[in-house]
Amino acid sequence: MSIPIGKVRTRYAPSPTGYLHVGGAWMAFFNWLFARNQGGTFILRVEDTDRSRSTEEYERAILEDFRWLGIDWDEGPDKGGPVGPYRQTERFHLYRQYAQALLDRGAAYHCYCTLEELEAERQRARAAKRPYRYSGRCRNLTPEQRAEFERQGRRPTIRLRVHDDGETIVVNDLVRGRVEFDPEHLDDYIIVRSDGSPLYNFANVVDDHTMAMTHVIRGIEHLSNTPKQWIMYRSLGWDPPQVAHLSNILGTDHKKLSKRTGDTAVRDYKRAGFLPEALVNFFALMAWYPEENREIYSVREMIEKFRLEDLGKASPVFDMTKLTWMNGVYMRELLRRDPDRAVEACLEPLRNAGLLDGQVTAETRAYIRQVVDVLGDRIKVGRDILTYGDFFFTDAVTYEPDAVKKYFSRKDVATTLAQLRERVAKVDRLDATTVESIVRTMASELRIESREIIHPARVALTGKTAGPGLFELTALLGRDRVIKRLDSAIDWIRRLP
RNA sequence: GGCCCCAUCGUCUAGCCCGGCCUAGGACGCGGCCCUCUCAAGGCCGAGACAGGGGUUCGAAUCCCCUUGGGGCUACCA
């Protein structure tokens, strides 16, 4: 086991009970950024002690989502490392060992109180309107008393003896500053269940120490737990890591981020066609602004500029609208530099909409590439290929009610479209310039505005009022499809009451 | 209930630590105009905030206190 002295080590510890949550990814991102900025090590540790809800499937999915985000780890369950294993269920021997150490030095003790007895204590405290603290009944049991409880078949838990010297516990939080806790409000808490399994506050301390973590960036919900953990560090004779507590991301309703106000899994964003670099850039802007008056940063820049002290304390709201804008910025960049990746982001949405199935052939890919070119910067997120260009993938064009009302209601529309159809039928190759000249000359011959042809034609071809330029989309659709769609539209309009 | 954290435009935030440069800056979104075959993008313009109250000070968004409002911990959850 070799861990470089003085090197920063951070970690993220997901529970494999679901897909990677954006809140978790956000938290992991800052741990990762800090480690990378410091030339340190970033570790993934799987907290799978909740055996009923944890699955290997989720663990794999979480690692996959991290990879997709571009957040890599130096040590973890899949690749091992000097302080493994990296799954808590595989570290029980360590928890047992340190629980015993605590017991041996009298810093912890067996507690034989039953759930019912504890509940009764709690009730009494509530009835008397006193803050509840464990009574400490089992603090100083004699061997005889213990033997008696054992005889009764009671299985003990292990409690940590909170120091009763009354000394204030100081947490020097890297983002919040000095926070003081009066141990008066703490009580001896359970670190090992009666079935022998470790509780979070215990396993966490053992893991963070044995894994040699130097800095722990975690959610604000852990700040109140910190003094308890500090006591344990002291009891074990260990130095605690540096900590930084970040407020949690909120939904637009200012409540904890939930499905109600938007997608919560990183995977959902991937499926919708968001770009990992945009997501990560967006993450950074919640609680951290590298510098004034700028919001677009490459990962490289973020790593360079990251400073723990610059992290904000308030709870940010996850603003989907801004994320979408930011994704658009990256998408536009991709359209110029690496259109194939833009195409990639459109694949999932197309599949989910049932407009694409099976293996994507090179030919299909090339076609999608053309669609993406035509749609251009209208695609802010992969799924926009559907909102603006579904008609490129299906002949079943449905006319939007508003579009019908606006452009199909005029008397002579069918005639105009029929005219256009005839003129289109006369050429054998349709390209954008050809269509444009057809439309323009037709307009001047009929002494009407080009838009009087363009708008109805767009609806006929796409079903929509908004979308790419008519000439470009017509060219991509090709003569045959255009004629067919013009025919059906004319037919459709003539059947109107 | 007890303890802890937080509080600048609707949202992300700069400024706050080290009071005056702040008639509080930027971005998203919103409104208007321009460009234009529609939409998107782009350009220009605009509306929009220091939670409230007390102090301290010549002077407070910045320091202190209280209140209010959010959030968290208080489990044999993580």
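Letters go in sequence order (proteins before strands), and every chain restarts at 1.
As the counterpart of B:rC3, B:rG72 is assigned, both hydrogen-bonding distances of the Watson-Crick or G-U wobble pattern falling under 3.5 Å. Base-pair partner of B:rC35: not found among the strands shown (Watson-Crick or G-U wobble, both distances under 3.5 Å). With a 3.5 Å ceiling on both atom-pair distances, the Watson-Crick or G-U wobble partner of B:rG46 is B:rC30. The base-pairing partner of B:rU62, taking Watson-Crick or G-U wobble contacts with both distances under 3.5 Å, does not exist among the strands shown. Under the Watson-Crick and G-U wobble criteria, each requiring two contacts below 3.5 Å, nucleotide B:rA40 is left unpaired.
Closest heavy-atom contact between A:A99 and A:V192: CB-CG2, 4.0 Å.
Across all strands, A:L199 comes closer than 4.0 Å only to sugar-phosphate atoms, never to a base (heavy-atom distances). The residue A:R294 sits apart from the nucleic acid: no heavy atom pair falls under 4.0 Å. Contact annotation for A:P468: base contact, defined as any heavy-atom pair under 4.0 Å involving a base atom. In this structure, A:T49 reaches the sugar-phosphate backbone alone: every heavy-atom distance under 4.0 Å involves primed, P, OP1 or OP2 atoms, never a base. Within 4.0 Å of A:S15, counting heavy atoms only, lie sugar-phosphate atoms of the nucleic acid but no base atom. When heavy atoms are screened at a 4.0 angstrom cut-off, A:E309 is found touching no nucleic acid atom at all. As judged by a 4.0 angstrom heavy-atom cut-off over every strand, A:A287 is placed among residues touching the sugar-phosphate backbone only. Using a 4.0 Å heavy-atom criterion, one finds that A:H222 contacts the bases of the nucleic acid, with or without backbone contacts as well. Residue A:Y388 is classed as a sugar-phosphate contact, given heavy-atom separations below 4.0 Å to backbone atoms only.
Between A:D173 and A:R178, none of the side-chain N atoms (NZ, or NE/NH1/NH2) sits under 4.0 Å from a carboxylate O, so this pair counts as no salt bridge. One finds a salt bridge joining A:R139 and A:D188 here, because a Lys/Arg side-chain nitrogen approaches an Asp/Glu carboxylate oxygen to under 4.0 Å. Under a 4.0 Å N-O distance rule, the pair A:K464/A:D390 qualifies as a salt bridge. A:R294 has a carboxylate O that lies under 4.0 Å from a charged side-chain N of A:E291, or vice versa, which qualifies the two as a salt bridge.
Taking side-chain N and O atoms only, A:R53 has no distance below 4.0 Å to OP1 or OP2 of B:rC77. Put simply, A:K380 has a side-chain N or O that comes within less than 4.0 Å of OP1 or OP2 on B:rA41. For B:rG1, the OP1/OP2 oxygens have no side-chain nitrogen or oxygen of A:R133 closer than 4.0 Å. Within the 4.0 Å cut-off from OP1 or OP2 of B:rC37, at least one side-chain nitrogen or oxygen of A:R440 is found. Of the side-chain N and O atoms in A:R218, none sit less than 4.0 angstrom from OP1 or OP2 of B:rG72.
Counting atom types as modelled, A:S194 pairs a side-chain N or O with a base atom of B:rC76 as donor and acceptor under 3.5 Å. No hydrogens or angles were tested; on distance alone, a donor-acceptor pair under 3.5 Å links the side chain of A:Y289 to the base of B:rC12.
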Throw together a table of side-chain donor-acceptor distances under 3.5 angstrom for residues 368-383 of chain A, partners on residues two or more places apart or in other chains.
| from | atom 1 | to | atom 2 | distance (Å) |
| --- | --- | --- | --- | --- |
| A:R378 | NE | A:L375 | O | 3.1 |
| A:R378 | NH1 | A:G467 | O | 3.1 |

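The distance from atom CG of A:L473 to atom C1' of B:rA40 is 14 Å, rounded to the nearest whole Å. Taking atom CZ on A:F282 and atom P on B:rU11, their separation rounds to 14 Å, with Å as the unit. Rounded to an integer number of Å, the gap from CZ of A:F283 to P of B:rU13 is 14 Å. Regarding A:R126, its CZ atom lies at a distance of 14 Å from the P atom of B:rU74, rounded to whole Å. Rounding to whole angstrom units, CG of residue A:L334 and C1' of B:rA41 are separated by 16 Å. The distance from atom CG of A:N293 to atom P of B:rG15 is 11 Å, rounded to the nearest whole Å. Whole-Å rounding puts the A:D384 CG to B:rC39 P distance at 16 Å. When rounded to the nearest whole Å, the span between CD of A:E295 and C1' of B:rA27 equals 4 Å.
When distances are taken from the side chain of A:L470 to each of B:rU13, B:rC39, B:rC37, the shortest belongs to B:rC37. Side-chain atoms of A:Y132 lie closest to B:rA75 of the nucleotides B:rG29, B:rA75, B:rC73. Taking only side-chain atoms of A:W325, from C-beta outward, the nucleotide of B:rC77, B:rA27, B:rC37 with the closest atom is B:rA27.
Heavy-atom distances to RNA chain B give each of A:G469 and A:P316 a nearest nucleotide, and the one nearer the 5′ end belongs to A:P316.
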(message) Please encode protein proximity along nucleotides 3-10 of chain B as a string of B, S and -, counting only heavy-atom distances under 4.0 Å.
(response) SSSSS---
(request) Before giving the answer on side chain to side chain donor-acceptor pair (under 3.5 Å), spell out for A:D48 and A:T89 the whole-Å C-alpha distance, their side-chain angles and the decisive distance to 0.1 Å. (result) CA-CA 6 Å; A:D48 55 350; A:T89 47; 2.7 Å; yes
(request) Dump the intermediate steps for side chain to side chain donor-acceptor pair (under 3.5 Å) on A:Q419 and A:R423, then the final yes or no. (result) CA-CA 6 Å; A:Q419 268 258 22; A:R423 290 173 189 240; 3.2 Å; yes
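For the C1' atoms, the distance from B:rU68 to B:rG52 is 7 Å, rounded to whole Å. Separating the C1' atom of B:rC63 from that of B:rC17 is a span of 10 Å, rounded to the nearest Å. Spacing of C1' atoms, B:rA14 relative to B:rA27, comes out at 11 Å, to the nearest Å. Atom name C1', nucleotides B:rG19 and B:rG26: the rounded distance is 23 Å, in whole Å. One P atom belongs to B:rG29, the other to B:rC44, and the distance between them is 15 Å to the nearest Å.
The aromatic rings of A:Y112 and A:F149 lie parallel to each other, with less than 30° between the two planes, well short of the 60° mark.
A cation-pi arrangement is found for A:R159 relative to A:Y134, the charged atom lying closer than 6.0 Å to the ring centre and inside a 45° cone about the ring normal.
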